[in-house]
Amino acid sequence: GRGIFGPMTVQENLDLGAYLLGDDRAAIARRLERVFALFPRLADRRSQIAGSLSGGEQQMLAIGRALMARPKLLLLDEPSLGLAPLLVKQIFNVVREINARDGVTVFLVEQNAHHALRIAHRGYVMANGRVTVSGTSRELQEFLRTRLRFSNVAAVLVSTPWPLPPSPPPGAPNPAPPSARVRIGA
């Protein structure tokens, strides 16, 4: 599953995520407000048993519960797995917002490289358990568009809360040192 506590309510799952905040009710209320702002459907279902939620709602709950602890790093493994395309887009938009607005570094493992590369700053493409290509998101999008098919490829992407220098426009010389450009092989 998605790592939720199925027999518990949505609210109880979120409360468990806030465990590390202790008795700071104001901090817990702020975190809960933020989670409900990101995932309004959870607010509507706060008293519902978590196991009865749809797959997309369970994914929202799993991410929301993690956010309750005010993480500096969020690890996401295949957040789009089994979700309808509209929910996939929503989840990725929320991940982008968590990174940009909340300053949370996101480490994302995702086979849907098209969506993942739209929100990542850097990426590492793996095939058969080995890193085969690495570079900025823009570099990898171009590389994968022109040289590779996306089947049987997993993308490991890192988005940092601080801005990275922009990649040069296509066709412009890359001022980055060779070690920072797209690398093929490990």
Side-chain angles (χ1 to χ4, degrees), residues 1-6 13 17 35 38-39 41-42 50-69 71-164 166-167 170 174 176 179-186:
R2 302 200 185 272
I4 61 164
F5 296 99
N13 270 267
V35 168
L38 290 169
F39 302 114
R41 291 166 107 173
L42 294 181
S52 69
L53 297 173
S54 71
E57 291 165 341
Q58 289 183 13
Q59 187 67 282
M60 293 174 197
L61 179 56
I63 294 170
R65 190 182 63 224
L67 293 175
M68 289 297 293
K72 292 181 182 177
L73 172 67
L74 182 63
L75 305 174
L76 295 174
D77 184 15
E78 299 282 350
S80 71
L81 187 66
L83 300 183
L86 187 58
L87 282 175
V88 170
K89 184 177 181 180
Q90 181 183 358
I91 293 290
F92 277 98
N93 286 339
V94 167
V95 170
R96 180 190 324 230
E97 184 175 342
I98 291 165
N99 173 246
R101 182 171 170 208
D102 299 343
V104 175
T105 297
V106 178
F107 186 89
L108 171 67
V109 178
E110 178 62 56
Q111 287 193 20
N112 189 336
H114 290 289
H115 280 294
L117 285 171
R118 288 185 191 133
I119 66 170
H121 294 109
R122 292 204 54 80
Y124 303 86
V125 177
M126 298 180 71
N128 300 319
R130 296 189 54 188
V131 174
T132 55
V133 182
S134 65
T136 68
S137 175
R138 184 180 293 169
E139 291 167 340
L140 287 177
Q141 285 174 334
E142 182 60 28
F143 181 82
L144 294 173
R145 184 174 25 260
T146 60
R147 300 204 185 151
L148 289 178
R149 301 243 183 256
F150 284 102
S151 60
N152 299 321
V153 173
V156 178
L157 302 131
V158 179
S159 289
T160 59
W162 55 89
L164 295 174
S167 295
N174 189 343
S179 63
R181 295 185 192 143
V182 173
R183 291 182 35 193
I184 300 174

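Below, all heavy atoms of this structure are taken into account, side chains as well, without hydrogens, waters or symmetry copies. Nothing here was measured: the structure is a model prediction, and the numbers come from that model.
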Distance in Å, Leu74 CG paired with Phe107 CZ, rounded so as to fall on 0.5 Å steps: 11.5 Å

Rounded distance (nearest 0.5 Å) linking atom CD of Gln58 with atom CG of Leu42: 11.0 Å

NE2 on His121 to OG1 on Thr105, rounded to 0.5 Å: 9.5 Å

Separation of Glu78 CD from Asn112 CG (nearest 0.5 Å): 9.0 Å

Pair up each side-chain donor or acceptor in residues 61-68 with any protein partner under 3.5 Å, not counting sequence neighbours, and list the distances.
unit_1	atom_1	unit_2	atom_2	d
Arg65	NH1	Gly3	O	3.0
Arg65	NH1	Asn13	OD1	3.1
Arg65	NH2	Gly3	O	2.5

Distance-minimising heavy-atom pair for Leu108 and Ala116: CD2-CB, 3.9 Å

Spacing of CD belonging to Glu142 relative to OG belonging to Ser137, to within rounding of 0.5 Å: 12.0 Å

Side-chain donor-acceptor pairs under 3.5 Å in residues 79-93, sequence neighbours left out?
unit_1	atom_1	unit_2	atom_2	d
Ser80	OG	Glu110	OE1	3.2
Ser80	OG	Glu110	OE2	2.5
Asn93	ND2	Lys89	O	3.4

Ser54: partners by side chain to side chain contact (heavy atoms under 4.5 Å, CB included), with sequence neighbours left out: Glu57

Heavy-atom closest contact (Leu38 atom, Val94 atom, distance): O-CG2, 3.8 Å

Derivation of the side chain to side chain contact (heavy atoms under 4.5 Å, CB included) call for Leu53 and Met60: CA-CA 10 Å; Leu53 297 173; Met60 293 174 197; over 6 Å; no

Any residue meeting salt bridge (charged side-chain N to carboxylate O under 4.0 Å, His left out) with Arg101, in chain and number order, not counting sequence neighbours: Glu97

